[in-house]
Novice: 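Please read through the structure below; I'll follow up with questions.
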Amino acid sequence: MKQQANGEIRIGFYICHCGHNIAAMVDCPEVAKYVEKLPGVALSRDYKYMCSDPGQELIQKDIREFKLNRVVVASCSPLLHEHTFRSAVEAGGLNPFFFHMVNIREHDSWVHTDRKEATDKAKALARAAVERVAYHQALEVKKVPIHPDVLVVGGGIAGIHAAMTLANAGKKVFLVEREPSIGGHMAKFDKTFPTLDCAACILTPKMSEVGAHKNITLWSYSEVTKVDGYVGNFTVTVKRKPRYINEDLCTGCQECISNCVYKEPKFLDEFNEGLGKRKPVYIPFPQATPQVVLIDPEVCLNFKHGVLIDKCKKTCVEACGEKKAIDFKQTEEIKEIKVGTIIVATGFQTFDAKRVPQYGYGIYPNVYTSLEVERLVNASGPTGGDVLLRDGRHPKAIGIIHCVGSRDKKTNRWCSRVCCMYSLKLAHLLKEHTDAEIFNFYIDMRTPGKSYEEFYDKLLEEGVQFIRGRVGEVTDWAMTPEEEGKLVLRVEDTLAGFVRRIPVDMVVLATGLEPQADAQAVRRMFNISCGSEGFFLERHPKLAPVSTFTDGIYLAGACQGPRDIPDTVAQAGAAAAEALVLIDRGYIEQEPNTAYVLEEECSGCKSCIPLCPYTAITFDEAKEKATINEALCKGCGTCVASCPSGSIAQRLFEDDEIFSEIHGVLVS
Amino acid sequence: MSSTTTKPTSPPAPAVVPWQPRIVAFFCNWCTYTAADLAGVSRLKYASNIRVIRLMCSGRVDPQFILDALARGADGVLIGGCHPGDCHYAEGNYKMLRRFQMLKRMLNDLGIEEQRVRLEWISAAEGEKVKRVVNEMVGQVQKLGRLGIPQKFEEWDKEMEHFAAQVAEKAATSPCACAAPEQPALATA
Amino acid sequence: MKYSYFPGCSLKGLGRAYEESLLPVMKHLGVELQELDDWNCCGATAYMAVDEAKACVLAARNLALAEKQGNRPIMAPCAACYLVLNKTKHYFHDYPAMKETIDRALGAVGLRYSGDTPVRHPLDVLINDVGLEAIKQKVRKPLKGLKIATYYGCQLVRPYATFDDQYNPITMDRLVETLGATVVRYPLKTKCCGGSLTGTVPEAGIRLVYILLNEARKRGADCLATVCPLCQFNLDAYHAQVTAEYGPVLVPTVYFTQLMGLAFGLPERELGLNRAAIPFKWRPTEAPPVKAAAAA
Amino acid sequence: MMKIQRTIKYDADRVKGFGREVMSVPGCEQLQSCIQCGTCSGVCPLSIYMDYTPRQVMALTRGDFKNEVLRSHTIWLCASCYACTVECPREIRITDIMYELKQRAIHAGIYPKRFPIPVLAREFSEMVKKHGRITEMLLVMKLFLKTNPFAAMGNWRLGIDLLKTGRFSLATEKIKQHGDIARMLDATDAKKES
């Protein structure tokens, strides 16, 4: 056992009431009394709010007055306030690591119901900390430089805004988008609530700015495939899918498209949700960024099942002429970049309406999803803004069903937050375009947000019908003559208190938002966590909403949870700011919890070397001993636990410290 | 490792059982400790018998910690780490798993029931699981009864002294496997 | 393939034709049915309303008997029995209190229930154990040209959809198609027939019957195929009241087993076809499967 | 002259604890999480005849309005088709709750007089207790005689059809060990008292 050096130990112990949060379930004064008698404790206090300024000043004052050389605070989770108190200790003139924190709120007062038991637990934990802190050593925080470049993953409105913010601050940004163009879901919307300004009008300027910005490297039609390293020094591998067009040479003149051997578009058009058609060579939508066409090898005659066969007349190549932008030989390209911080803005996917068969999506042609309707009412959409049903009719009555794939234990439990508002918007637009009678079927109308409720009022005045009730089913069997040939919704008008059958020509399903299908894979790649519903998990729901548990990786937009455009943009700005903080500081302080070899004891068995995930351990042939590169060590402690001769130690988690904690929680 | 039951299993009512087992837990900083914080923030209620010691990674859990805890009077030990593939340090949890298997075998040889030590993968989002696992574990250990190794040690020590006296020769060393680490020089205030 | 056959009260009474057609068809397919000795009422819907525990106890006796008598899977053709037996099994596993009650009650008459015996519906057995291939082999007179509205009713697929989809079940569709018939799209295939309400609250029950028959008619079905004696009874026996109320909608309702019998070319008197109030007159024409295939 | 009655409910109209009681029954727990969306009524084939919609029954039950619930026709009109149970976004087993309420109504003896369904239920159970099996026609006859004899005549055509088609047998179905049934059912009650 290593004797601890600093001579006499004088510990100051503080237990926090946290208002009633702790005091209600833990008898703080009693714990303070108990600790006071423990060996090494110079003073022991209970106080209402330790994290408050007076609380911190109290610590500093005591350190000077009572010559404290160790401090223990029993309050909330160290993940919340360890840093606060370390600074306080430092301000008091002590090395910040002569401090240890006890979690008696999240782990005690909040989760137990018996005051006696909770108090005993608090005592045990406090004693463990007191015994542990005696072994603490003075440590220096390690500073690691930050690479100034940033990677933004996802080119929706979140990614676009984050990238622009950083680029305008003079930082180099890599923006990686999976689709052929940036813009994401917002580019598909017709108008945006509650202001009803057209999505394209406000989005496309930002898109072209991104495309033109000297600080932004835009890689569309590309995917991140590998992420190595850690905050400040990430190495990222990006796969650039072949679009069979040389981006630098293509001017976006689209001559190739008009001259394609296919005279008429005949393939389902993804951007228009399959409501429209495109050719094998195409540009997703008029304002696509980058303004570069691409070729779909699955349907282009020059390919067979994606393999080049070179059988087509290639009229497109002729049309392209001197530019020579078309390159059928193009292959997938792998790029490797170094960045210091990463912003994940991979967005959401809409709920698959087929999962609620009772609403007949995919069975009845006139049942649409909300996203389809966005395209249907859009002037540049497949019908040029004419609401023409799949069966060629114009609707005289329309039913909009809210909460499809939301607030439903059998599909997604959560409220998707945007459906109420976009349903109101679609109701307004459909009214405008068709003058049909419109019914909104909602469970609860949720319009929190600046001038959202006012928008609801507007709709009420427009004479849109609102029926509070979740639709039971959509069928095509008629009970009465006026129902013949219509879609019939059976629903309880819960406010009127009876059941109704309502015949309509068109049904719109307000599908909810859910995590991207590959969210789990992405999560693993970036080593971040997901909530139970599958959205990426923020570090703290209130105090660190855009940070993740992995330093240097931030979240923006709906990949973290359903949210509308204003919130998304705000969050994207926040994420960018967080990244800027690191970059402009230029370095990050790392917990000095690295491992080190006790040379005199190392037998040179090499068993630790393969264990290290960061290859921080090497073998010193000369000394025949293992050596640890502390710059590479991340402090997991796996090697420490595995060393057969016990000759590796970890700062902040020394064996003595942990053994004394074990002792502490078990005596008494 | 974790059993998912469809019916809500009511937490074992401590009142029923005369004694409270003492359970030491080693939670990794990134997943399980955070999950326990989440359980707190969500005000979930679970048995208070558990004492959590925070480590950066389950990979840091040295089998000695577990043995030491049992030797000092713990009736059970719970280790919590990130789910396979989610480890903040890539693979610390795998390393722990490997060690854990060997440790279990060793405990069997020592005549200590396997169910007293438990390894669980609990992600930062699984506050509910912390509640479930702790309650299950407490119930399990309550069924097994007290382990009481320190008491055993005392008995053995007595026997040794007795034996020593008989052969009338000072027992220079006590064979006690794990003496407490000597405390540093302390001054009481 | 051996099963403990649990007819249930209906198949001995109003649902007679169901049993009459089920037994020969199963025999023809080499499925061995051993009628559960001394079975009792399953405890069905009405009893549930008086005392759930007792209903479950009644059902449990049959489950216990089955375990005692060769421990074969139970085949319950009546949708109500099928549901109650399954429900009891679920409760037995999900609720300790219910398990205790059942154990005590059975104990009183020296019976035990372990909770394992599977409860199967003939449709399930035909599709998953016998298999459509084997059934195809047996088809002598394909039901060519017969348009069928497949009607599953409620309790077969709800709440325990064990072998088919709750919203859009297709096992019977596949079966009758194998027999050579055509299935018409019938959105009401899992709607309620009114159960005992036809008798107790006619205005409600009769309306449901009318809706079901009328929609089948509008969709051009020659008949409805059903899997439940109560459905068959409601759709068939109340035609007079329906006609009086809404005008004639005489679409015959037959058991899927009767259709199988016809397709297998079994003697008609064995199939209880004469028992329907709305007679089912359609008959397949003798034609070797080969020719049928060519014609198709 | 139109007849009016007060519809306001005073706290005295509640039977406090009723809701909690029902929600503590196995299978009924989920009622706590009802959001009153009305899906149950929307899919219920009988809701069109109910005095309270299934959703309202859920609300009334949770709100301790015992008398309103047990007196309502709704619980007796439920045909147990389980559509509501399958569709409920909160996975509330509404059909089972309806059963629970029917049982309570029968035990409390408060249900519409001469209303056939509870009578059917009781007849049914008595017949089972006696014979172990059901003879359907016997049941139907008894039912009509007890509730309104004229309905029996109104259904003469039905009777004749059944006779014609040989489905109208009055021979009583019995099981051999019908003593067993009684013994089992008594054993079931045994714990109810305890």
Side-chain angles (χ1 to χ4, degrees), chain C residues 9-10 12-14 16-17 38-41 43-54 57-58 61 83 91 94-95 97-98 100-101 104-109 153-155 158-159 161 166 190-192 194-197 199-204 208 233 237-238 240-241 274-277, chain D residues 26-27 45-46 48-49 76-77 79-83 85-86 93 95-96 99-100 102-103 106 116-118 120-122 124-125 128 132-137 140 143-144 147 151 155 157-158 161-162 164-167 169 173 175-178 180-181 183-192:
Chain C
C9 309
S10 291
K12 297 295 179 188
L14 298 171
R16 196 158 291 185
D38 202 37
W39 56 269
N40 60 273
C41 166
T45 354
Y47 210 127
M48 279 282 176
V50 180
D51 187 325
E52 194 169 53
K54 286 182 179 169
V57 165
L58 284 172
R61 176 170 183 269
L83 168 65
Y91 277 25
D94 294 352
Y95 303 118
M98 185 59 81
E100 184 206 327
T101 312
R104 190 182 333 92
L106 292 178
V109 294
C154 34
Q155 300 194 332
R158 290 194 298 264
Q166 281 181 332
T190 65
K191 291 285 179 282
C192 174
S196 54
L197 289 173
T200 52
V201 189
E203 55 273 67
L208 293 179
F233 177 70
Y238 286 95
Q241 289 84 332
N274 55 332
R275 297 207 186 278
Chain D
L46 279 315
I48 59 171
Y49 292 108
W76 299 113
L77 281 166
S80 330
C81 76
Y82 289 90
T85 304
V86 170
R93 293 156 84 169
T95 310
D96 295 349
Y99 276 134
E100 178 61 25
K102 288 178 200 172
Q103 294 172 27
I106 287 180
I117 302 164
L120 171 68
R122 251 209 284 72
F124 190 102
S125 51
V128 170
R133 293 186 192 173
I134 291 301
T135 313
E136 283 154 325
M137 281 329 295
V140 178
L143 172 66
F144 285 138
T147 55
N155 284 350
R157 176 69 192 281
L158 168 61
D161 280 334
L162 296 176
K164 278 214 315 266
T165 57
R167 282 183 285 181
S169 87
E173 284 276 341
I175 70 167
K176 295 176 227 148
Q177 313 289 358
H178 51 77
D180 284 11
I181 302 295
R183 248 176 282 130
M184 289 199 316
L185 297 183
D186 298 342
T188 314
D189 287 330
K191 83 123 193 324
K192 282 240 173 52

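Chain letters run A, B, ... following the sequence lines, proteins first, then strands; residues in each count from 1.
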Novice: For residues D:S80 and C:Q155, determine if any side-chain heavy atom of one lies less than 4.5 Å from a side-chain heavy atom of the other.
Specialist: yes
Novice: Any side-chain heavy-atom pair from C:V201 and D:L46 closer than 4.5 angstrom?
Specialist: no
Novice: Can you tell me how far CG of C:L106 sits from CG of D:D180, rounded to the nearest 0.5 angstrom?
Specialist: 10.0 Å
Novice: Given heavy-atom pairs under 4.5 angstrom as the criterion, report whether the side chain, backbone, both or neither of C:T190 touches chain D.
Specialist: neither
Novice: What's the verdict on side-chain hydrogen bond (donor to acceptor under 3.5 Å, both in side chains) for D:D96 and C:Y91, showing C-alpha distance, side-chain angles and the deciding distance?
Specialist: CA-CA 12 Å; D:D96 295 349; C:Y91 277 25; 3.0 Å; yes
Novice: Chain D: which of C:A204, C:C192, C:P202 shares the most heavy-atom pairs with it under 4.5 Å?
Specialist: C:A204
Novice: I need the residue from C:G107, C:P159, C:A108, C:C154 with the largest number of non-hydrogen atom pairs under 4.5 Å to chain D.
Specialist: C:P159
Novice: Could you give the distance from CZ (C:R104) to CE (D:M184), rounded to the nearest 0.5 Å?
Specialist: 12.5 Å
Novice: Between D:I181 and C:N40, does a side chain to side chain contact (heavy atoms under 4.5 Å, CB included) hold up when you go through it step by step?
Specialist: CA-CA 8 Å; D:I181 302 295; C:N40 60 273; 3.8 Å; yes
Novice: Nearest 0.5 Å, what's the NZ-CZ distance between C:K12 and D:R133?
Specialist: 7.0 Å
Novice: Answer yes or no: is there a donor N or O on one side and an acceptor on the other, between the side chain of C:Y95 and the main chain of D:G27, under 3.5 Å?
Specialist: yes
Novice: Holding to ring pair (Phe, Tyr, Trp, His ring centres under 6.0 Å), I want the full list of residues that pass it with D:Y82, two or more places apart in sequence or in another chain.
Specialist: none
Novice: What I'd like to find out is whether the side chain of D:I175 reaches to under 4.5 Å of the side chain of C:R61, using heavy atoms alone.
Specialist: yes
Novice: How long is the straight-line distance from CG of D:L185 back to CG of C:D51, given to the nearest 0.5 Å?
Specialist: 8.5 Å
Novice: Quick one: list whatever passes side chain to side chain contact (heavy atoms under 4.5 Å, CB included) with D:A83, sequence neighbours left out.
Specialist: C:R158, D:V43, D:C81
